[in-house]
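Notes to accompany the following structure.
Lettering follows sequence order; numbering is per chain, from 1.
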Amino acid sequence: MSENIRIQLPDGSVREVAKGSTPLDVANSISPRLAAAVVVARIRPLSEATPGEAAETEAKSAQTEEAMYAGDDPQGERLVDLRAPIQEDVALELLKENDAASLRVVRHSAAHVMATAILELFPETKLGHGPATDNGFFYDVYRETPFTEADLAAIEQRMADVVKRDEPFVRVEEAREEGLAEYAAQGEFMKVHFIERFTKPGDEISLYKNGNFTDFCRGPHVPSTGRVKAFKVMSIAGAYWLGKEDNQQLQRIYGTAFFSQKELEAHFKHLEEIKARDHRVLGKQLDLFSIQEVAGAGLIFWHPKGGLIRKAMEDWMRDECLRRGYSMVFTPHIMKRELWNISGHEAVYAENMYPPMELDDAEYRLKPMNCPGHILIYKSTPKSYRDLPQRYAELGNVYRYERSGTMHGLLRVRGFTQDDAHIFCTRDQINSEIEACLDFAEAVLKTFGFKEYRVELSTHQPGNPDFIGTAEEWAQAEGALKNVLDSRGLSYQTFPGEAAFYGPKIDVKLVDVLGRLWQLSTVQFDFKLPQRFELEYVGEDGERHQPVMVHRALFGSVERFFGVLIEHYAGSFPMWLAPVQVGIVPISNEKHVAYAETVKQRLEAAGLRVELDATNGKMQGKIRDFGLQKVPFILILGDKESQTDSVSVRVRGGGDQGSRTVEEFLSLATTLVNEHAMEL
RNA sequence: GCUGAUGUAGCUCAGUGGUAGAGCACUCCCUUGGUAAGGGAGAGGUCAUGGGUUCAAGCCCCAUCAUCAGCUCCA
């Protein structure tokens, strides 16, 4: 008895096909060319009332194991193989290669192709999991001996063979216990773990086979290995089994795949672009900063040009703090161990701190945070409710021990400068203060040219002793932060267990020009340190009360912010930040240096940062040098200019702009500086 | 901290056991020019550090340090 089901296509048309037909059948019935182009299908059952938009949460968590293996909501839409029989009325989308979901599928299939190749070449290897990632895919494997570069090349070659064989990916269902037994017999301990974790006794588990290779996998996959047309084995790195440091280490082999060689090449070009923006590379090329082996890892030397940029950043920050009612304070770099006992850092933060140093009869420690210092200032005199809020700001140098191997240019260091502030206020003032902090954070992002950002709320993990304080206190603090976010209408994600040990926090992560996310600003609520230090103020009622604290850093770390700025601008800083704003090139040293000197002086008198190249060389070379240094304006000065009190202007990225009088140029340049203009 | 790779001139890199190389940058000389590289000469290296193997080590072995790609952690 043949039963029919209804297939609704994206254009709204409905087809009746025999129950058990596959997406490929449907594609073939439309056109053979479509059937050849389609990669995977997305279906949504029509029978039940289906939620309109359900797919929102998927992207973010796609890399977690749960998301990789847990079944989709059967009511919602899901991706299926082209050969998966359809058993009910569905809305069907046939996804071709241009669909983002297809790319993930082909990458996942590429991971299987790689695993196939690995097992053919190195049969002793045990498989972990092999998901698609944002940029490609990886497969975690376990093997006693490490893979070498040559092994990777061999794997890549063998993958080409597997692709050439064009083996169909076949989905097979089998009893869970059967699968478990087989994998256990083969010593595939990781597969056994995954099956036990992601399926229940009595379940059918799904396996995907291509040729002789079988993998426990949820799918879907492209129809056959031949569809994995452009791929590359990229690199190898260690990864802990299940992400836990005390577990054994696996070898994670990274690769990437695309539908065409052209896209693969474009991807490598994109990687080149990212590399060209790398702040470590630009920091060297533009002579902004260095890290010196002889001084120690993770410690930054700011060179003169980086120093000028830092000064511009800090000047803006200090002015803005004063304008917003902060006081500037300064606290010592080392303080007695006793202080860190009181603050609780000794108890929960010691492993991130430099070891104590003995001085006279006391032990001192380098500060990893500025809060205790600011607290001591607060405590130094009695406070009345009339004094609150007290907002203490400091560009404080802190030192934290970071494990070797974690450092990364300016972005992850051992010594850095926090634009740190602590606000001591009454409970009534919490909302307005946190709100003001968020407003300040937005001003920072806007001023420095970032248009997009994300807000994250980090809360504690109940029962975890690393978080000091009672459940009530945490509930109150987390409630306060949520209130502010909600009342400001900000959308945010919540991360349980990510709070600082003394209180919950709001993090603002910015999105740079390449769409990358950076953790910078943080606003943290703290009820605990005021208790530990027994802070008080005298209220209107004449009684003693305890203030609460807000910790806030907006650059986060001046070093990290600088690193992000370098990459965001690719070293082409806007006028107000550029270390050299104007480069002057005399056409002939003999004839034009004198005039060039006078122009330089006039520009400098107006506060501009000017460099005159009077070295022996041709003007073309000097223009090139300033160009490579990404100087915003280059002025060419020759006979014509000296006779008319003018300058010939070249603008970064725009070439020759013709002549202006010195006055005209001066007013243009100073306006760009004063307005913090992003464009030249 | 862990896995893998790397460390040679200021920078980018070549150099597979037998007297350390290139380009750029630098110094000097010639050249004095019209919008992204004129020409010539010179100087510059404890081959990351410390051990070891060898008649002989930049090269092979061990350890340490640093860097890179990740894991873990984080501002």
Side-chain angles (χ1 to χ4, degrees), chain A residues 133 138 140 146-149 151-152 234-254 275 278 280-281 284-285 287 290-298 351-352 368-369 396 398 400-420 498 500 505 507-509 518-522 524 551 553-561 563-564 585-593 615-629 634-641 648-652 654-659:
Chain A
T133 65
F138 63 79
D140 278 346
F147 290 104
T148 63
E149 295 284 323
D151 293 339
L152 296 191
M234 303 285 288
S235 62
I236 185 163
Y240 298 106
W241 168 231
L242 299 178
K244 289 202 191 73
E245 229 175 304
D246 30 335
N247 280 347
Q248 68 205 101
Q249 190 140 22
L250 310 174
Q251 302 190 64
R252 175 169 294 181
I253 305 177
Y254 282 90
K275 210 179 155 195
D278 190 314
R280 294 164 300 183
V281 175
K284 214 169 242 173
Q285 281 170 4
D287 198 14
S290 63
I291 298 165
Q292 316 241 3
E293 188 172 344
V294 68
E351 63 177 26
N352 296 298
M369 294 189 193
V398 296
R400 297 182 186 174
Y401 172 72
E402 296 288 348
R403 298 195 295 178
S404 68
T406 59
M407 264 80 74
H408 183 89
L410 292 171
L411 303 180
R412 186 74 185 276
V413 297
R414 282 181 174 161
F416 59 101
T417 310
Q418 282 185 307
D419 64 317
D420 206 1
E498 297 294 313
K505 60 178 181 173
D507 289 327
V508 179
K509 298 196 171 180
W518 300 97
Q519 154 78 66
L520 296 158
S521 305
T522 178
Q524 311 186 349
H551 307 239
L554 303 180
F555 290 149
S557 132
V558 176
E559 284 76 3
R560 178 178 285 184
F561 196 84
V564 174
V585 176
I587 288 179
S588 156
N589 277 359
E590 287 176 2
K591 290 193 273 178
H592 308 125
V593 167
T615 60
N616 187 3
K618 288 190 76 160
M619 59 170 291
Q620 283 84 347
K622 296 180 183 182
I623 290 171
R624 180 169 187 271
D625 290 343
F626 280 129
L628 290 175
Q629 286 298 302
I634 302 171
L635 305 182
I636 318 295
L637 305 185
D639 286 339
K640 239 190 300 178
E641 288 73 23
S648 176
V649 180
R650 273 186 75 96
V651 66
R652 184 177 61 205
D656 190 355
Q657 304 291 300
S659 301

- Message: Applying a 4.0 Å non-hydrogen cut-off, can you work out what A/Val413 is touching in the nucleic acid: base, sugar-phosphate, or nothing?
- Response: base
- Of the nucleotides B/G34, B/A75, B/U67, which has the atom closest to the A/Glu402 side chain? B/A75
- Note on the structure: As its Watson-Crick or G-U partner within any shown strand, both distances under 3.5 Å, B/C71 has B/G1
- With respect to the side chain of A/Ala239, which nucleotide from B/G4, B/G34, B/C71 is positioned closest? B/C71
- With stacking defined as ring centroids separated by under 5.5 Å and planes differing by under 30°, is A/Phe416 stacked against B/A75? yes
- Query: Can a donor-acceptor pair under 3.5 Å be found between the side-chain atoms of A/Arg403 and the base atoms of B/U72?
  - Reply: yes
- Answer with base, sugar-phosphate or nothing: what part of the nucleic acid does A/Gly617 contact at a heavy-atom distance below 4.0 Å? base
- Query: Salt bridge between A/Lys505 and A/Asp507, side-chain N to carboxylate O under 4.0 Å?
  - Reply: yes
- Item | Polar side-chain contact A/Arg560-B/C74 base: donor and acceptor under 3.5 Å | yes
- Message: Within the 4.0 Å heavy-atom criterion, would you say A/Ala553 contacts the bases, only the backbone, or no part of the nucleic acid?
- Response: nothing
- Message: Both distances below 3.5 Å, Watson-Crick or wobble geometry, any strand: find the nucleotide opposite B/G50.
- Response: B/C62
- Message: Ignoring hydrogens and geometry beyond distance, is the side chain of A/Glu641 in donor-acceptor contact with the base of B/G34 at under 3.5 Å?
- Response: yes
- Quick one: look up who B/G45 pairs with, Watson-Crick or G-U, both distances under 3.5 Å, and put none if it's unpaired. none
- Query: Where the side chain of A/Arg280 is concerned, which of B/C74, B/A69, B/U67 is the nearest nucleotide?
  - Reply: B/A69
- Query: Does B/A37 have a Watson-Crick or wobble mate here (both distances under 3.5 Å), and if so which one?
  - Reply: none
- Query: Among B/G33, B/G70, B/U35, which nucleotide sits nearest the side chain of A/Arg650?
  - Reply: B/U35
- Query: Looking across every strand, which nucleic acid part, if any, lies under 4.0 Å from A/Gln620 by heavy atom: base, sugar-phosphate, or nothing?
  - Reply: sugar-phosphate
- Task: Identify the nucleotide, in any strand shown, that forms a Watson-Crick or G-U wobble pair with B/G17, with both distances under 3.5 Å; if there is none, say none.
- Result: none
- Testing B/C71, B/U67, B/G33 for proximity to the side chain of A/Ile587, the answer is B/G33
- Query: What's the closest nucleotide to the A/Ile623 side chain, out of B/U72, B/A36, B/G34?
  - Reply: B/A36
- Base, sugar-phosphate, or nothing: which does A/Asp639 touch, judged by heavy atoms less than 4.0 Å apart? base
- Task: Could you tell me whether A/Asn616 contacts a base, only the sugar-phosphate backbone, or nothing, with contacts defined as non-hydrogen atoms closer than 4.0 Å?
- Result: base
- Note on the structure: Only residue of A/Arg414, A/Arg412, A/His408 satisfying side chain to side chain donor-acceptor pair (under 3.5 Å) with A/Glu402 is A/Arg412
- Query: Nearest to the side chain of A/Lys284, which nucleotide is it out of B/G70, B/G33, B/C11?
  - Reply: B/C11
- Message: Nearest heavy atom decides the nucleotide; on that basis, is A/Tyr401 or A/Lys640 closer to the 5' end of RNA chain B?
- Response: A/Tyr401
- Counting side-chain heavy atoms from C-beta on, which of B/G7, B/U72, B/A69 comes nearest to A/His408? B/A69
- Message: Under a 3.5 Å cut-off for both contacts, is B/G23 paired Watson-Crick or G-U wobble with anything, and if yes, with which nucleotide?
- Response: B/C11
- Message: Using a heavy-atom cut-off of 4.0 Å across all strands, would you classify A/Lys275 as base, sugar-phosphate, or nothing?
- Response: nothing
- Would you mind classifying the nucleic acid contact of A/His592 as base, sugar-phosphate or nothing, using non-hydrogen atoms under 4.0 angstrom? nothing
